[in-house]
Amino acid sequence: MTDLAALANHQIRLAARPNGLPTRNDWNFTTEPVAPPVDGGIVVKVLSLSLDPAMRGWMNEGKSYIPPVGIGEVMRASGVAKVIASATPAFSVGDLVSCGPGVQEYAALAPNDLQRGGVFKIDLAAGSVTQWLNVLGMPGMTGYFGLLDVGQPQPGQTVVVSGAAGAVGQTVGQLARIKGCRAVGIAGGPEKCAWVVDELGFDACIDYKTGDVKAGLKQHCPQGVDVYFDNVGGDILEAVLTRLARKARIVICGAISQYNNTTPVQGPANYLSLLVNRARMEGMVVFDYADRYPIAVKELAGYLKDGRMKSKEDVVVGLETFPESLLKLFSGANFGKLVLEVAGA
Ligand SMILES: NC(=O)c1ccc[n+]([C@@H]2O[C@H](COP(=O)([O-])OP(=O)(O)OC[C@H]3O[C@@H](n4cnc5c(N)ncnc54)[C@H](OP(=O)(O)O)[C@@H]3O)[C@@H](O)[C@H]2O)c1
């Protein structure tokens, strides 16, 4: 049994709302004792945290699909953790769980947190800790339901995904191939594009940093784009809109090119392409599919096991690196799902 009183919990709290890219001054580093679990709750030791582009949005004031993180609060984050104290029969000391512990070393999870289904045991036979934050975690669920439910790809159709070498993008393109579609990625740089084609089996990948996206789409999508899974927004969304097939579906998953704007979000000037092509554009939020996660996890774990799906995680180490590590997402310095390792298992 861990002696909780002997532990110090290092935390990272939101200190200010950033203007543009977050800086170190937007964070406070605090240390607190670790209290025993409340009746019906657990205390966990955080092993790895998921660093997500959405974190940037949670730092902003204003209405969204989830309330902003308050000034002074521990930064919100999901992760994988180990139960070190339990006051409920539902969890035992030593269980590995997927949960939302925040950016800190230890977290007390109350009965409320446990009841909402936000905490569940993970099985390392299905995937590693980092894969549970990637293909089997929130990004994988996003790719699965965004592509299949919203994108509704049909065999033989062409699926284009931006952010193709990232967490969501890698699942989307590989799943599109598994479902019998052509998969065309858009990613930044030759190394990422080569990996997407050579390792993940996409049919093609367009390097938006060095190439002309419109020309690439014309070359690789001669029949047009049936499904565009948009992770980035901005100029790339506009370029794909010029190449839609009739009845195309655009999945608005994210718009990372816009998250640090200090000017209004750039919308596509050519949205009437939707009209011309009888196409539709639809936003999706992964949390809406929470009750169906187990179905997706089972299917994706099967693909990981039989080798039809690969995963890549980019692991950075140390809670204190969080402010700089998060920025990797916005420069494209991450290669694969960005994971912050807080402690060894
Ligand atoms: N709707 C939902 O429920 C939901 C859930 C999860 C994630 N998302 C969204 O899905 C998207 C991908 O998230 P992720 O976790 O998979 O991140 P990720 O793709 O692993 O990492 C972010 C990547 O975005 C690319 N990027 C950064 N700035 C860019 C820019 N200005 N233009 C084009 N690409 C840029 C970079 O790749 P390159 O090197 O290729 O540029 C970077 O590696 C994000 O927009 C996120 O907000 C939405």
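This chain uses plain numbering: 1 for the first residue, then up along the sequence. Whatever order the structure lists ligands and atoms in, that order sets their numbers, starting from 1.
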Test of understanding: given a 4.0 Å heavy-atom threshold, classify the contact between [X] and ligand 1 as side chain, backbone, both, or neither.
{"X": "Lys337", "result": "neither"}
{"X": "Pro139", "result": "neither"}
{"X": "Val232", "result": "side chain"}

*Asp198, CG: over 12 other non-hydrogen atoms inside 6.0 angstrom*: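 Buried by this count: over 12 neighbours within 6.0 Å.
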*Give a yes/no verdict on whether any heavy atom in Gly189 is under 4.0 Å from an atom of ligand 1.*
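For ligand 1, residue contact (heavy atoms, under 4.0 Å) with Gly189 is absent.
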*Does Asn334 reach ligand 1, in the sense of a heavy atom lying below 4.0 Å from it?*
yes
*Where is the tightest heavy-atom contact between Leu237 and Met281, given as atom of each residue plus distance?*
CD1-CE, 4.0 Å
*Minimal non-hydrogen separation, Leu326 against Leu51, with atom names*: N-CD1, 4.1 Å
Counting non-hydrogen protein atoms only, what is the nearest one to [atom]? Give residue, atom name and distance.
{"atom": "atom 6 (C) of ligand 1", "result": "Met138 SD, 3.4 Å"}
{"atom": "atom 28 (N) of ligand 1", "result": "Phe330 O, 3.6 Å"}
{"atom": "atom 16 (O) of ligand 1", "result": "Val168 N, 2.8 Å"}
{"atom": "atom 19 (O) of ligand 1", "result": "Gly166 CA, 3.2 Å"}
{"atom": "atom 34 (N) of ligand 1", "result": "Tyr208 OH, 3.2 Å"}
{"atom": "atom 39 (O) of ligand 1", "result": "Lys192 NZ, 2.6 Å"}
{"atom": "atom 36 (C) of ligand 1", "result": "Gly332 CA, 3.6 Å"}
{"atom": "atom 3 (O) of ligand 1", "result": "Val286 N, 2.8 Å"}

Under 4.5 Å between side-chain heavy atoms, hopping through other hydrophobics if needed: is there a path connecting [X] to [Y]?
{"X": "Val232", "Y": "Val265", "result": "no"}
{"X": "Ile71", "Y": "Val74", "result": "no"}
{"X": "Met55", "Y": "Leu21", "result": "yes"}
{"X": "Leu7", "Y": "Val38", "result": "no"}
{"X": "Ile236", "Y": "Tyr271", "result": "no"}

Between [X] and ligand 1, does any nitrogen or oxygen pair lie at a separation below 3.5 Å?
{"X": "Asn231", "result": "yes"}
{"X": "Thr142", "result": "no"}
{"X": "Pro53", "result": "no"}
{"X": "Tyr259", "result": "yes"}
{"X": "Lys328", "result": "no"}
{"X": "Ser257", "result": "no"}
{"X": "Gly188", "result": "yes"}
{"X": "Ala167", "result": "yes"}
{"X": "Met284", "result": "yes"}

Please list, in number order, the atoms of ligand 1 under 4.0 Å from a heavy atom of [X].
{"X": "Leu329", "value": "21 (O), 22 (C), 23 (C), 24 (O), 27 (C), 42 (C)"}
{"X": "Ala187", "value": "40 (O)"}
{"X": "Val285", "value": "3 (O)"}

*Determine, step by step, whether Gln174 and Gln170 satisfy the side chain to side chain contact (heavy atoms under 4.5 Å, CB included) criterion, reporting the C-alpha distance in whole Å, the side-chain angles of both residues, the deciding distance to 0.1 Å, and the verdict.*
CA-CA 6 Å; Gln174 293 184 92; Gln170 57 182 268; 4.2 Å; yes
*Could you check which of Asp52, Ile256, Ile186 puts a non-hydrogen atom nearest to atom 26 (N) of ligand 1?*
Ile256
*Just going by heavy-atom distances, which of Cys253, Gly254, Ala255 is nearest to atom 8 (N) of ligand 1?*
Cys253
*Could you go step by step and tell me if Gln258 and Asn261 meet the side chain to side chain donor-acceptor pair (under 3.5 Å) rule?*
CA-CA 5 Å; Gln258 307 296 305; Asn261 278 6; 2.8 Å; yes
*Could you check Arg249 against Gln157 for side chain to side chain donor-acceptor pair (under 3.5 Å), going step by step and ending with a plain yes or no?*
CA-CA 11 Å; Arg249 287 82 65 200; Gln157 292 193 330; 2.8 Å; yes
*Given the rule in the side chain to side chain donor-acceptor pair (under 3.5 Å) test, do Glu32 and Asn9 qualify, once you have shown the distances and angles that lead to the verdict?*
CA-CA 5 Å; Glu32 278 188 353; Asn9 182 20; 5.1 Å; no
*asked:* What I want to find out is whether Asp314 reaches Lys328 closely enough, with some N-O distance under 4.0 Å, to be called a salt bridge.
replied: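 Yes, Asp314 and Lys328 are salt-bridged.
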*Thr88/Ser86 under side chain to side chain donor-acceptor pair (under 3.5 Å): CA gap, chis, key distance, verdict*: CA-CA 6 Å; Thr88 165; Ser86 176; 5.4 Å; no
*Leu49, Val339, Ile122, Asp52 screened by side-chain contact (heavy atoms from CB on, under 4.5 Å) with Leu133, the one that passes*: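 Option passing the side-chain contact (heavy atoms from CB on, under 4.5 Å) with Leu133: Val339.
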*In terms of the angle between their ring planes, are Tyr289 and Phe145 parallel, tilted or perpendicular, with boundaries placed at 30° and 60°?*
parallel
